[in-house]
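Atom set for the values below is all heavy atoms of this structure, side chains included, hydrogens, waters and symmetry mates excluded. Order of appearance sets the numbers: ligands from 1, and atoms from 1 within every ligand. Bear in mind that the values here come from a model prediction, so they are computed numbers and not experimental data.
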Amino acid sequence: MTRLTAGDPGSGSGAWPRPGQGAGTDGGGRWGPTRRSCPVAEPGCGPSRGPRMLNVPSQAFPAPGSQQRVASQGRSKVPLKQGRSLMDWIRLTKSGKDLTGLKGQLIEVTEEELKKHNKKDDCWICIRGFVYNVSPYMEYHPGGEDELMRAAGTDGTDLFNEVHRWVNYESMLKECLVGRMAVKPAVPKDCQEGKRVLNGMLPKSQVTDILPREGPSSPSYDWFQTESAVTIVIYTKQKNINLDSVIVDLQDDSLRAEAVIKDHSYLIHIGLSHEVQENFSVRVIENVGKIEIVLQKKENVSWKYLGDPLEKHNSFIPKKDTGLHYRQCQLIAKEDVTHDTRLFCLKLPPSTHLQVPVGQHVYLKLSVTGAEIVKPYTPVSDSLLSDFKEPALSPNKYIYFLIKIYPAGLFTPELDRLQIGDLISVSGPEGNFKVSKLQEVEDLFLLAAGTGFTPMVTVLNYALAHVSSLRKVKLMFFNKTEDDIIWRCQLEKLASKDKRFHVEFVLSAPSPEWNGKQGHVSRALLSEFLQRSLENSRVFLCICGPTPFTEEGIRLLHDLNFSDDEIHGFTA
Ligand code: FAD
Ligand code: NAD
């Protein structure tokens with residue numbers, strides 16, 4: 001398909017490569033042909049393409065006579081120390097250790113900066129426009145440290161192409177990625193276009209005020225088109241971006257996309273210049289922190305510009321200052337779970353992409369006797385035992401909530417009166433729980449009271465499915481009576497199905513027949529329950545329920561010598 005990009009390729013949003021273009025730079029500091037359309041082993045990617053931004057002398061590499069050169073094969077391997085095999089390297093890259101020293105942030109690297117990192121314990125190398133901190137890899141490199149050091153602090157692309165053209169370095173060095181080489185700033189030709197948004201560029205004056213002075217570096221965006229689609233690309237400059245880091249709403253040809261980057265939000269908010277279909281797709285290329293939103297054109301015409309900027313467009317602001325954005329969702333099912341708790345299923349509009357991260361909540365908004373009432377609720381999965389039944393509904397289009405109806409409450413009786421098909425406003429996600437807290441955990445303890453069980457649902461599902469170090473998950477579930485226990489049957493089934501999971505119920509107002517644990521949260525109950533599977537196992541605790549329960553629980557956990565780092569209290 002033809003690419004019908006508007007604007008001058010050199011005048012784009014500056015720092016990051018255009019879609020369809022790649023990471024290599026030509027002599028003028030512009031980005032050269034794409035990495036994807038020109039795979040690593042293909043002739044034409046190599047040095048013959050002309051000078052690169054940093055010209056490393058194109059001597060034979062390894063140098064003739066060097067210890068790495070073997071007459072017939074061209075290069076030899078050096079013996080690696082024990083514990084430094086390829087498998088050991090892969091294990092290290094998967095351990096979650098910060099291998100760049102930049103805490104997951106991707107930066108733009110200037111030539112001056114690159115040159116500074118030229119020592120064994122601080123060695124950055126640029127390969128095809130991407131800069132890697134190869135110090136952690138030194139001892140694992142089959143060609144030896146000296147070979148890597150030849151390119152220390154420089155553009156090693158030419159050297160790399162001679163020796164390693166076939167090596168999948170992008171995957172091998174993924175965790176060592178520091179960022180991209182900075183492009184020399186180009187003055188956008190389209191500044192005269194006033195408010196129009198051309199290829200992701202706004203006149204500088206419109207954006208400078210809203211870029212933060214501290215915090216993660218500011219993302220940028222760009223767009224390109226084919227005959228049938230328009231793709232908006234957000235360069236977050238941050239690793240570990242997932243599909244739940246981006247929320248997109250398309251309403252009446254206005255597009256709002258919010259990329260959540262740590263505690264900041266980057267907003268794209270545009271009145272599109274042409275009509276698009278309501279279905280769109282969102283892709284995330286995690287290791288380079290790129291988000292792509294692919295819109296389908298209603299008519300196959302070439303767009304001259306993307307659209308007009310709307311409120312807070314192209315801003316990068318602390319998340320707490322973005323305000324809540326709502327979309328209307330339809331109630332499509334409601335099911336009794338206990339005498340006063342129901343499972344609600346809401347359907348997101350087709351023109352929304354929203355995935356609530358594990359343990360986070362959203363706000364539901366209803367009009368109650370003319371006033372707008374907003375309350376927070378924590379989405380759950382539709383079941384704890386999803387592989388016991390066919391997934392009836394496609395994921396990510398539906399949000400489930402377990403909600404207790406308080407007859408004298410303000411919001412929940414109104415919610416309970418909604419009929420199937422009725423609409424309710426749902427905000428984007430909030431909350432400070434991060435799944436990274438579960439990395440490498442061996443013993444996970446969950447303390448829940450009443451509907452404080454809701455954040456535990458996704459935490460539990462996530463831990464059992466994704467935390468390979470996990471040995472044990474124990475849930476202590478506090479309720480007033482047996483009738484109040486949410487999903488008791490599912491919890492018991494899960495415990496019999498997965499030996500890592502244990503559940504214990506504690507009742508504060510039990511019937512005389514109850515022969516399980518009784519009372520409120522106490523030191524005695526907790527110290528017996530919180531037994532580690534190994535003496536020094538890595539442990540993490542989550543606690544949620546009525547405020548006095550959570551506060552007392554956290555106080556007791558401190559008494560029992562658990563540190564703040566090991567505890568997450570879910571609060572408003
Ligand atoms: P309210 O009007 O708040 O009343 C609640 C109860 O308090 C009623 O029994 C009422 O009679 C009583 N009450 C109210 N005012 C007084 C008063 N002045 N004196 C004495 N008693 C009073 N709940 C869920 O069910 N599921 C969830 O997933 C969930 N997630 C949450 C996530 C977060 C982050 C937080 C903070 C709360 C969450 N909640 C959840 C609780 C939810 O937000 C509401 O607080 C709850 O649904 C009650 O709302 P309501 O307006 O119906 O009741
Ligand atoms: P509930 O009144 O049925 O009580 C459940 C259990 O909590 C009781 O059996 C008791 O063991 C314990 N408990 C209650 N009051 C206590 C007190 N004063 N001191 C010590 N323990 C106490 O609970 P519910 O009506 O289901 O309320 C659940 C609470 O959880 C709500 O306040 C809700 O706001 C909160 N919640 C918070 C979040 C969150 O912050 N993310 C999520 C969901 C629910």
Item checked: Thr481-Asp484 side chain donor-acceptor pair, cut-off 3.5 Å -> yes
Item checked: ligand 2-proximal atoms of Ala509, by part, heavy-atom distance under 4.0 Å -> neither
Next item on the list: Give a yes/no verdict on whether any heavy atom in Tyr377 is under 4.0 Å from an atom of ligand 2.
Entry: no
Notebook entry, point to check: Using a heavy-atom cut-off of under 4.0 Å, does the side chain or the backbone of Leu402 touch ligand 1, or both, or neither?
Noted result: backbone
Item checked: Polar side chain donor-acceptor pair, Ser265 to Glu258, under 3.5 angstrom -> yes
Checklist line | Region of Tyr377 engaging ligand 1 - heavy atom pairs below 4.0 Å | finding: both
Notebook entry, point to check: Going by the order shown, which atoms of ligand 2 are within less than 4.0 Å of some heavy atom of Asn479?
Noted result: 9 (O)
Check: Does the side chain of Leu491 reach to within under 4.5 Å of the side chain of Phe453, using non-hydrogen atoms?
Finding: yes
Notebook entry, point to check: Can you tell which of Cys544, Ala448, Ser508 gets a heavy atom nearest to atom 38 (C) of ligand 2?
Noted result: Cys544
Item checked: Under 3.5 Å: N/O of Thr547 near N/O of ligand 2 -> no
Check: Can you check whether Ser245 reaches Val284 side chain to side chain, under 4.5 Å on heavy atoms?
Finding: no
Notebook entry, point to check: Considering only heavy atoms of Pro548, which atoms of ligand 2 have at least one such atom less than 4.0 Å away?
Noted result: 17 (C), 18 (N), 19 (N)
Margin query: Checking contacts here: is it the side chain or the backbone of Leu410 that comes within 4.0 Å of ligand 1, counting heavy atoms only? Could be both or neither.
Written below: both
Checklist line | Salt bridge Lys237-Glu108, side-chain N to carboxylate O under 4.0 Å | finding: yes
Check: Nearest heavy atom to atom 11 (O) of ligand 2: which of Phe478, Phe477, Phe549 does it belong to?
Finding: Phe478
Margin query: Listing request: all salt bridge (charged side-chain N to carboxylate O under 4.0 Å, His left out) pairs with a residue in residues 443-453, at least two apart in sequence or in separate chains.
Written below: none
Next item on the list: Check each of Gly450, Gly452, Gly545 against atom 35 (C) of ligand 2 and report the one with the nearest heavy atom.
Entry: Gly545
Checklist line | His361 to ligand 2, any heavy atom closer than 4.0 Å | finding: no
Notebook entry, point to check: In terms of atom number and element, which parts of ligand 1 are under 4.0 angstrom from non-hydrogen atoms of His361?
Noted result: 34 (C)
Notebook entry, point to check: Does any donor atom in the side chain of Glu372 or Ser367 lie under 3.5 Å from an acceptor atom in the other side chain?
Noted result: no
Notebook entry, point to check: Between Phe411, Tyr406, Tyr363, which one has a non-hydrogen atom sitting closest to atom 9 (O) of ligand 1?
Noted result: Tyr406
Check: Does ligand 2 have any atom that is closer than 4.0 Å to a heavy atom of Thr451?
Finding: yes
Notebook entry, point to check: Do Phe540 and Leu438 have side-chain heavy atoms sitting under 4.5 Å apart?
Noted result: yes
Check: Between Tyr363 and His361, what is the ring plane arrangement, given parallel below 30°, perpendicular above 60°, and tilted in between?
Finding: perpendicular
Note to self: Check this for me: does any side-chain nitrogen of one of Glu430 and Lys319 sit under 4.0 Å from a carboxylate oxygen of the other?
What the structure shows: no
Note to self: Please confirm whether Thr378 approaches ligand 2 to less than 4.0 Å, judged on its heavy atoms.
What the structure shows: yes
Notebook entry, point to check: Of the choices Glu552, Met456, His520, which has the non-hydrogen atom that lies closest to atom 16 (C) of ligand 2?
Noted result: His520
Checklist line | Thr451 contact mode with ligand 1 (heavy-atom cut-off under 4.0 Å) | finding: side chain
Checklist line | Distance-only N or O hit between ligand 2 and Lys480, under 3.5 Å | finding: yes
Next item on the list: Check the pair His313 / Tyr221 against ring pair (Phe, Tyr, Trp, His ring centres under 6.0 Å), numbers first and verdict last.
Entry: CA-CA 11 Å; His313 172 67; Tyr221 81 101; 5.4 Å; yes
Note to self: Checking contacts here: is it the side chain or the backbone of Thr571 that comes within 4.0 Å of ligand 2, counting heavy atoms only? Could be both or neither.
What the structure shows: backbone
Margin query: Suppose I only count heavy atoms of Lys404 and a 4.0 Å limit; which atoms of ligand 1 are within that range?
Written below: 25 (O)
Next item on the list: Please confirm whether Phe411 and Tyr377 have ring centers closer than 6.0 angstrom.
Entry: yes
Next item on the list: Enumerate the atoms of ligand 2 whose separation from the nearest heavy atom of Phe570 is less than 4.0 angstrom.
Entry: 40 (O), 41 (N)
Notebook entry, point to check: So, Arg555 and Glu551, do they make that salt bridge, N to O below 4.0 Å?
Noted result: no
Item checked: Nitrogen or oxygen of Lys375 less than 3.5 angstrom from that of ligand 1 -> yes
Next item on the list: Go through ligand 2 atom by atom and flag the ones less than 4.0 Å from a non-hydrogen atom of Thr454.
Entry: 42 (C), 43 (C)
Next item on the list: Taking the six-membered ring for Trp and the full ring for Phe, Tyr or His, determine whether the centres of Phe570 and His568 are under 6.0 Å apart.
Entry: yes
